[in-house]
Amino acid sequence: MSISNDVRQAVRERANFLCEYCHSPERLSANRFTVDHVIPRSLNGSDDLRNLALACRRCNERRYNFVAGIDAETQEVVPIFNHNP
């Protein structure tokens, strides 16, 4: 299922047109940012607005389908992304 243009625009506006991972502004990019699934579809993530994040190409490609990482200070497993729309 494809994400509607209305939902894509809602994600872009909620993010204030900034990548929700690195905070780079979309206006400085040669390409329009993508709408990324925080919990990827491959891991049964939904198209719900709360599971979508605006992402620059670099962040979207680097993140792949990872949802957690190791905190360098505490060595605990932590979510890569936690936004509160």
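Quick note: residue numbers are just sequence positions, from 1.
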Rounded to the nearest 0.5 Å, what separation is found between the [atom1] atom of [X] and the [atom2] atom of [Y]?
| X | Y | atom1 | atom2 | value |
| --- | --- | --- | --- | --- |
| L54 | Q9 | CG | CD | 9.5 Å |
| R8 | I3 | CZ | CD1 | 5.0 Å |
| N16 | H23 | CG | NE2 | 11.0 Å |
| N5 | R12 | CG | CZ | 10.5 Å |
| N60 | F33 | CG | CZ | 11.0 Å |
| F17 | R32 | CZ | CZ | 8.0 Å |

Evaluate the side-chain proximity of [Y] to [X]: yes if any heavy-atom separation is below 4.5 Å, no if none is.
| X | Y | answer |
| --- | --- | --- |
| V7 | D47 | no |
| S29 | C56 | no |
| E20 | V38 | no |
| E61 | T34 | no |
| E76 | I70 | no |
| R14 | V11 | yes |

Write down the atom of [X], the atom of [Y], and the distance for their closest heavy-atom approach.
| X | Y | answer |
| --- | --- | --- |
| P25 | L18 | CA-CD2, 3.5 Å |
| L52 | S46 | CD2-O, 4.4 Å |
| L49 | A10 | CD1-CB, 4.4 Å |

